[in-house]
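In this chain, residues are counted from 1 in sequence order. First listed ligand is number 1; within each ligand, the first listed atom is number 1.
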Amino acid sequence: MKRIDGKVISDHIKALAAAETEQLRAQGVTPCLAVIIVGDDPASRTYVNNKKKACELVGIRSLEFALPGTAAQAELLALIEKLNADSAVNGILCQLPLPKGIDEKTVLTAIDPRKDVDAFHPVNVGHIMIGDPVLLPCTPAGIMEMLAYEGIDPSGKNCVVIGRSNIVGKPMAMLLMAADGTVTVCHSKTRDLASITSQADILVSSVGKPHFVTPDMVKPGAVVIDVGMNRDENGKLCGDVEYDAVAQKAAYLTPVPGGVGLMTVAMLMKNTVTAAKMQMTQQG
Ligand code: GUN
């Protein structure tokens, strides 16, 4: 089994983003990412800190806007409007989940699609759906980079995605399909899950439950991508996949931590640079 090293691949993506940032700076443009966090969810705080750290490393300017958990939706929308109008801001990211009482769809749709570095706006989702992506959703695009780096071509392969979220499952299926994979999406209502997953040449799990993917669900020689970010019984960070047991069966496996999570942040850097470049040409 080969462990797919998210650290090595994400460092590579960030180095490319840093080189492009350097070029933009030489032309007088410093890419800038605005990160919005609402409330004090500890996991969200960690993710936002990681994103800011990556910006620093790559040379992207980052701005943080922290609103209290009690903030009104109108306040958040007003902030997004202000950032949309600010030509110095190239990317806007609103960390999810949002507190109860704030409608996620309304908020994500308020972000200018050209600054939507998460690619969650319906316009960008539409671009992905028709195979004409502008900004790519960070986690699925990061997984495609991992596959490419390892020389794994999804073309003609059975690809099974467990999970149908807007953030991972659905866009993952679209990207694998665009790469000519034969894609099956499974979810909580799927019957006889193991019979489907055990036919997968490429299996992507985005369930959010520790020990969910067991060896009986995995085809010998499969590529297994673990998107889970869970805490186990001892409070330790773990994925969806029973790593040691599945490692005996899979040909490739991503670890947690040190896998997909690092790619998400690296792809955010890449999207911010892409957004900055796009906005330069649009503004003449
Ligand atoms: N929450 C979990 N994953 C993500 C992500 O990729 N982007 C944002 N904004 N929030 C998230």
Hydrogens and angles aside, do Gln279 and Lys115 bring a side-chain donor and acceptor to less than 3.5 Å of each other? no

With backbone taken as N, CA, C and O and side chain as the heavy atoms from C-beta onward, which portion of Tyr47 lies under 4.0 Å from ligand 1: side chain, backbone, both, or neither? neither

By number and element, which atoms of ligand 1 are closer than 4.0 Å to a non-hydrogen atom of Leu93? 9 (N)

As an exercise, state the distance from CG of Asn90 to CG of Leu33, rounded to the nearest 0.5 Å. 9.0 Å

I want to check something: taking the side chain as every heavy atom from C-beta on, are Leu203 and Val213 in contact at a cut-off of under 4.5 Å? yes

Kindly confirm or rule out an N or O of Asp118 lying under 3.5 angstrom from an N or O of ligand 1. yes

Using a 4.0 Å heavy-atom cut-off, which part of Pro97 comes near ligand 1: side chain, backbone, both, or neither? neither

Just need the protein heavy atom nearest to atom 1 (N) of ligand 1, so name the residue and atom and give the distance. Leu96 O, 3.1 Å

In the protein, what heavy atom is nearest to atom 11 (C) of ligand 1, and what distance, to one decimal place, separates them? Gln95 NE2, 3.4 Å

Quick one: CG on Asp116 to CG on Asn84, what's the gap to the nearest 0.5 Å? 10.0 Å

Looking only at distance, does Ile167 have an N or O less than 3.5 Å from an N or O of ligand 1? no

Rounded to the nearest 0.5 Å, what separates atom CG in Leu262 from atom CE in Met146? 7.5 Å

May I ask whether Cys94 has any heavy atom positioned less than 4.0 angstrom from an atom of ligand 1? yes

Between Arg45 and Asn49, is any pair of side-chain heavy atoms under 4.5 Å apart? yes

